[in-house]
Every structure is written in C-alpha cells, then in structure tokens.
Amino acid sequence: MKQEFTLEIHSDNNFSVLNRIVNILNRRRIRIKKLVAHEVEGDFRMGVAVLLLFTTPDMMEKVKHQLEKLIEVEYAIYYPGSDLYCELSAKHNEQVV
C-alpha cells in the first residue's frame with residue numbers, strides 16, 4: 001500500500017546530481033510531492049536534498065539502495081510519514097537564510 005515517505009539525501013554539490021536523483025525516481029514511477037535542495041552552509045562542495053515521496057515501503061528501500069550507488073551520494077535515509085519533512089525542510093531553510 002502506498003504511503004508518504006520523507007527522503008533525506010546528502011551528496012556532493014556537483015552539476016546534474018539532482019537530475020540523476022529525479023531520474024531514478026521517475027524511472028520507478030515514484031511521485032515527488034515536495035522537494036527542497038541546497039548546499040551545506042560552510043561547505044560549498046556538499047549539498048542536501050529533502051523530498052516528500054508517495055510510494056510503497058519496499059520500493060522506498062530499493063530506491064534508497066539505488067541512490068547510494070551513485071558516486072556523488074554520501075548517504076540517503078528515509079522516514080515514514082510527512083511530519084519529519086516539515087521539520088527537516090525548516091531546519092535546512094534556516095541554514096540557507
């Protein structure tokens with residue numbers, strides 16, 4: 001059964017890394033409800049993306065492993081529900097401002 005998941009991705013801040021992440025999700029027909037992406041304050045070489053996705057738990061696990069195979073991605077972690085998305089995006093928005 002499909003449900004909402006919050007996905008947090010920490011990666012190198014390279015060109016097209018966000019495009020590769022979105023392509024992985026599109027190929028698996030996963031709906032992106034919200035997305036926040038920015039570079040880490042104090043280290044312009046690193047970036048963070050927080051996504052709110054709508055999919056099944058087993059598909060989320062597959063996507064996590066596929067994302068971690070990308071060279072630029074340090075790690076990806078997901079949480080069930082959308083409550084944490086609000087907290088993470090607010091936390092990362094504070095760092096950007």
Could you go step by step and tell me if V36 and V48 meet the side chain to side chain contact (heavy atoms under 4.5 Å, CB included) rule? CA-CA 8 Å; V36 175; V48 177; over 6 Å; no
Identify whether L84 and M60 are in the same connected component of the hydrophobic contact network (ILVMFWY, side-chain heavy atoms under 4.5 Å). no
If you round to the nearest 0.5 Å, how far is CD of E74 from OG of S11? 8.0 Å
Salt bridge (Lys or Arg N to Asp or Glu O under 4.0 Å): pairs with one or both residues in residues 77-86, sequence neighbours excluded: none
For D58, what residues pass the side-chain hydrogen bond (donor to acceptor under 3.5 Å, both in side chains) criterion, not counting sequence neighbours? T56
Minimum-distance pair of heavy atoms, taken over all atoms of Y85 and L35: OH-N, 3.6 Å
Contacts of D43 that satisfy side-chain contact (heavy atoms from CB on, under 4.5 Å) - sequence neighbours left out: R45, M46
Contacts of E68 that satisfy side-chain hydrogen bond (donor to acceptor under 3.5 Å, both in side chains) - sequence neighbours left out: K64
Under a 4.5 Å cut-off applied to non-hydrogen side-chain atoms, are V50 and L7 in contact? no
d(L67 CG, I77 CD1) to nearest 0.5 Å is 13.0 Å
Gap between atom CD1 of I32 and atom OG1 of T55 - 0.5 Å precision: 11.0 Å
Heavy atoms, side chains only, cut-off 4.5 Å: are K2 and M59 in contact? no
Test item: L51 and L25 side chains (from C-beta on) under 4.5 Å apart, heavy atoms: yes
Applying a strict under-4.5 Å side-chain criterion to I, L, V, M, F, W and Y, I'd like to know whether L70 and L53 cluster together. yes
Contacts of type side-chain hydrogen bond (donor to acceptor under 3.5 Å, both in side chains), residue Y75, not counting sequence neighbours: H10
What heavy-atom pair brings V17 and D12 nearest, and what distance separates the two atoms? CG1-O, 3.7 Å
R29: side-chain contact (heavy atoms from CB on, under 4.5 Å) partners, not counting sequence neighbours: none
Show the nearest heavy-atom pair for residues L18 and A37, with the distance to one decimal. CD2-CB, 4.3 Å
Could you report the tightest heavy-atom contact between Y79 and E8, atom names first, then the distance? OH-OE1, 3.8 Å
Would you please name every residue forming a side-chain contact (heavy atoms from CB on, under 4.5 Å) with K33, sequence neighbours left out? E4, R31, L52, F54
Set of residues satisfying ring-ring contact (aromatic ring centres under 6.0 Å, His included) with respect to F5, sequence neighbours excluded: Y78
